[in-house]
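Values reported hereafter were calculated over all heavy atoms of this structure, with side chains retained and with hydrogens, waters and symmetry mates removed. Order of the sequence lines sets the chain letters (A, B, ...), proteins ahead of strands, with each chain counted from 1.
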Amino acid sequence: MKFKSLINDTLQEAFNKINIAPELITVSDASKPEFGDFQYNGIMAIAKKLGSNPRDIASLLVDNIHSDMISKVEVAGPGFVNIHIDNSWLGNQVTNIFKSENFTIEKNQNPKTVLIDYSGPNMAKEMHVGHLRSTIIGDSLANLFEFLGENVIRQNHIGDWGTQFGMLIAYLEEVQQNSNFDELKNLENFYKLAKKRFDEDVAFANKAREYVVKIQSGDKHCLELWQKFINISLSHCDEVYEKLGINLTKDNVRAESFYNDLLPIIISKLEASGLLKISDGAKCVFLPNSETPIIVQKSDGGYLYATTDLAAINYRNDILKVDRVCYVVDARQSEHFSGVFWVAKESGLCKQDVLLEHIAFGTMMDKSGKPFKTRDGGTVKLVDLLDEAIVRAKDTINDRANFADEEIEKLAKTIGIGAVKYSDLSINRESNYIFDWDKMLSFDGNTSLYMQYAYARIQSILNKFDSEIFGNIELQSDIEHKLAIMLLGFEDILNRAANDATPHTITSYLYDLATIFMRFYEQSPILKDDIPTDIKMSRLMLSSITARTIKKGLEILGIEVVDRL
RNA sequence: GCGUUCGUAGCUCAGCUGGAUAGAGCACUCGCCUUCUAAGCGAGCGGUCUCAGGUUCGAAUCCUGACGGACGUACCA
């Protein structure tokens, strides 16, 4: 349910009655419990505009609010409007959620086509921690938009084109002849060996350069080798996606090479738009207020990543008919994207009303605040990081004991991977974040384990009860009231997370929800003998909805729950 | 140099479409298990929201500047 919109509408009706037209009504959560559930702060601004007393207007407004949703509205301070939600109305609404398959959240009736461009590994290298954030933030956004009913296109813009591939293909051909094919299993090493050959052997280097030209001009033999290399690299990625539980398959791949044939067309389109200038022999587009241009074609005729990005935008605009594109890419590329977006719009490669967004994220740091590296300063392979997370998760659970070996393996995997994802998604994506194993696998505070624990506790109750739950929710206390308010706010939160492309608004919400549930759990016994049936049912329903909300929220983030912990 | 971005409790972070006394977790001090999972809950301690101006009835939030950090800065992606 769009809870806040409903309240906004109620206020709007009251404003209509008193002939005042506010610009935009947005109630916010009450800043203090004694102020009720929601507050409206817009009166002061309106009063100033009208030149009248805010308290007078507020009183007039309050007198004209009539809704069974609201039990009490009052004017406070200089002209705040404090809104209290009616308990029996609220109880009915959460009962509806209990009965609903989908939390009474309706799919968007006019779905937009939203393309999420994420993960984007480089085929010449194994996936490392640098790919983690793009992959899980992008995947969670795609899940979110899908849940809200948008038409989602997931795309993996893999780096499979460019000069380095000549070297790799030449080397691949060499080792294939030596029947030493296993080397490809370790991509990092393969790259290093190829580079070594390239640096040490002039003949090999020349061959590598030839191969670049051959691939790009469509030489059959070279393309076959290239394809073989890409397939193997992609399989490495698939293993990681599988382990991480990411919804990306080979079908989602739209590689750089995919746009190769479009590149000359982009140049001529840019020429036609009149934006293209030649500077030092390179074809460039100059941006307003910037001295450094975007180069789309090098002086030697080669194309650059900006050209590929423009081709991708053009393809997405013309063929895929997108309404919104989210580029989930490192914040360091923000200038690149703002430039490319400007060119795309200015040149007409992309319609004006398509929303092009750089979903930027910060760098992963270690505990001392330096970029996350291995002990000897190398990049950390993503597979290694995930495996370590699972091992550490196992240690954490083992302290608690009494699980069968088989169960513990499964638990460790779910919890370890979930913890990696949660700790990343729970941070405002734009800032750098400190990767800390201990915090990640802690049960305290806004962590995945606290959430898992809350969920498991509820499952334990529901399993114990194990019969039909019926009746209506009747809210008995402040904490039950608060819990119901939270549960009803789920859709608002999801919409906000989708609008701002901020998964961490979901984790914050889930943490608040779980915290309130824990308090409810402490003070409201459910299955004790002396609890009357109607209260028992009411509390079971509240618990059940809480569990389902936690599960759905985590599912959107790409995190699985466990029933026992 | 120029540009982008960040600066909130000892630490890790919320809050930022301007609203009432700035919130969590960790750490530290205390209290609560014969009763649904104590990996929990409650209480306390801890702040010049980097600094200086400005706009406003009202600023952590918006604007300007300074200081400090990160990143970027034409033929790599």
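Between Gln333(A) atom CD and G72(B) atom C1' there is a gap of 10 Å when expressed in whole angstrom units. Rounded to an integer number of Å, the gap from NE2 of His358(A) to P of U5(B) is 12 Å. Whole-Å rounding puts the Ile427(A) CD1 to A14(B) P distance at 5 Å. Summarising the geometry, the separation between CZ on Arg496(A) and P on C16(B) is reported as 6 Å, rounded to the nearest angstrom. For Lys125(A) and C76(B), the NZ to P distance is 16 Å, given to the nearest whole Å. In this structure, Gln459(A) atom CD and U37(B) atom C1' are separated by 13 Å, rounded to whole Å. Met365(A) has its CE atom 10 Å from the P atom of C13(B), to the nearest Å. The CZ atom of Phe38(A) sits 17 Å away from the C1' atom of G19(B) (whole-angstrom rounding).
The separation of U29(B) from U34(B), taken at their C1' atoms, amounts to 29 Å, rounded to a whole angstrom. Of the C1' atoms belonging to C41(B) and G47(B), the separation is 26 Å, rounded to the nearest Å. Using P as the reference atom, C45(B) and G23(B) are 13 Å apart when rounded to the nearest Å. For the C1' atoms, the distance linking A66(B) with G19(B) amounts to 29 Å, nearest Å. As rounded to the nearest Å, G58(B) and A14(B) have C1' atoms that lie 23 Å from one another. Rounded to the nearest Å, the gap between the C1' atom of A24(B) and that of C49(B) is 16 Å. Spacing of P atoms, C57(B) relative to U48(B), comes out at 29 Å, to the nearest Å. Across G53(B) and U21(B), the matching C1' atoms stand 26 Å from one another, rounded to whole Å.
Proximity of the aromatic rings of Tyr450(A) and Tyr453(A) is defined here by a centroid distance below 6.0 angstrom, and this criterion is not met. Taking the six-membered ring wherever Trp is involved, the centroid distance between the rings of Phe490(A) and Tyr509(A) falls below 6.0 Å. The distance between the ring centers of Phe35(A) and Phe80(A) does not fall below 6.0 angstrom.
By the 4.0 Å N-to-carboxylate-O rule, Lys4(A) lies close enough to Asp29(A) to be salt-bridged with it. Taking the charged nitrogens against the carboxylate oxygens, Asp199(A) and Lys195(A) do have a contact shorter than 4.0 Å, which makes a salt bridge. Look at Lys367(A) and Asp438(A) and you find a salt bridge, because one of the NZ, NE, NH1 or NH2 atoms lies within 4.0 Å of a carboxylate O, short of that distance.
In this structure, the nucleotide among C36(B), A77(B), C41(B) sitting nearest to the side chain of Met518(A) is C41(B). Distances from the side chain of Leu527(A) to the nucleotides C16(B), C36(B), G40(B) place C36(B) closest. In the set U35(B), G15(B), C75(B), U35(B) carries the atom at the smallest distance from any side-chain atom of Lys528(A). Distances from the side chain of Tyr453(A) to the nucleotides U12(B), A70(B), U37(B) place U37(B) closest. Here the nucleotide nearest the side chain of Ile461(A), chosen from U35(B), C36(B), G40(B), is C36(B). Minimum atom distance to the side chain of Cys284(A) is reached by A74(B), of the listed C57(B), A74(B), A20(B). Ranking C76(B), U73(B), A14(B) by closeness to the Lys298(A) side chain, first place goes to C76(B). Of the listed nucleotides (C75(B), A74(B), G40(B)), C75(B) has the atom at the smallest distance from the side chain of Ala282(A). Side-chain proximity of Phe80(A) to U37(B), A20(B), C75(B): nearest is A20(B). With G19(B), U37(B), U12(B) as the choices, the nucleotide that has an atom nearest any side-chain atom of Met44(A) turns out to be G19(B).
Across all strands, Thr292(A) comes closer than 4.0 Å only to sugar-phosphate atoms, never to a base (heavy-atom distances). Residue contacts for Ser279(A): at a heavy-atom cut-off of 4.0 Å it reaches a base atom on one of the strands shown. At a threshold of 4.0 angstrom between heavy atoms, the contacts of Ser423(A) with the nucleic acid are absent. At the heavy-atom level, Asn122(A) lies nowhere under 4.0 Å from the strands shown. Among the heavy atoms of the strands, none lies under 4.0 Å from Glu430(A).
Dashed line: the shortest gap from a side-chain N or O of His336(A) to OP1 or OP2 of C76(B) is not under 4.0 Å. The shortest distance between the side-chain N/O atoms of Thr26(A) and the OP1/OP2 oxygens of U17(B) is not below 4.0 Å. Checking the phosphate oxygens (OP1, OP2) of U4(B), no side-chain nitrogen or oxygen of Arg332(A) falls inside 4.0 Å. For C36(B), neither phosphate oxygen OP1 nor OP2 lies less than 4.0 angstrom from any side-chain nitrogen or oxygen of Lys464(A).
Ring geometry for Phe229(A) against Phe190(A) counts as tilted: the plane angle lies between 30° and 60°, on a 0 to 90° scale.
With hydrogens and angles ignored, no donor-acceptor pair closer than 3.5 Å exists between the side chain of Thr363(A) and the base of A70(B).
Using a 5.5 Å limit on the distance between ring centres and a 30° limit on the angle between planes, the aromatic ring of Phe35(A) counts as stacked on the six-membered base ring of A20(B).
A donor-acceptor pair is defined here as one N or O able to donate and one able to accept, closer than 3.5 Å; such a pair exists between the side chain of Arg429(A) and the backbone of Ala360(A).
Base orientation at C33(B) is syn, since its O4'-C1' glycosidic dihedral falls within 90° of 0.
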Starting at the 5' end of nucleotides 24-30 of chain B, put B wherever the base has a protein heavy atom under 4.0 Å, S where only the sugar-phosphate does, and a dash everywhere else. SSS----

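Within a 6.0 Å sphere centred on NZ of Lys536(A), heavy atoms belonging to other residues, nucleotides or ligands number more than 12.
A donor-acceptor contact closer than 3.5 angstrom links the side chains of Tyr422(A) and Asn446(A).
The side-chain heavy atoms of Phe198(A) and Arg209(A), taken from C-beta on, include a pair separated by under 4.5 Å. Arg316(A) is listed as a side-chain neighbour of Gln155(A), based on a closest heavy-atom distance under 4.5 Å.
In this structure, Ala331(A) and Glu291(A) both approach RNA chain B, and ranking their closest nucleotides by distance from the 5' end singles out Ala331(A). Comparing Tyr303(A) and Ile434(A) against RNA chain B, the residue whose closest nucleotide sits nearer the 5' end is Ile434(A).
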Pairing string of RNA chain B (Watson-Crick or G-U wobble, both atom distances under 3.5 Å; | = paired to other strand) is (((((((..((((.....[...)))).(((((.......))))).....(((((..]....))))))))))))....

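Scanning for side-chain hydrogen bond (donor to acceptor under 3.5 Å, both in side chains) contacts around Glu480(A) gives Arg539(A), with sequence neighbours left out.
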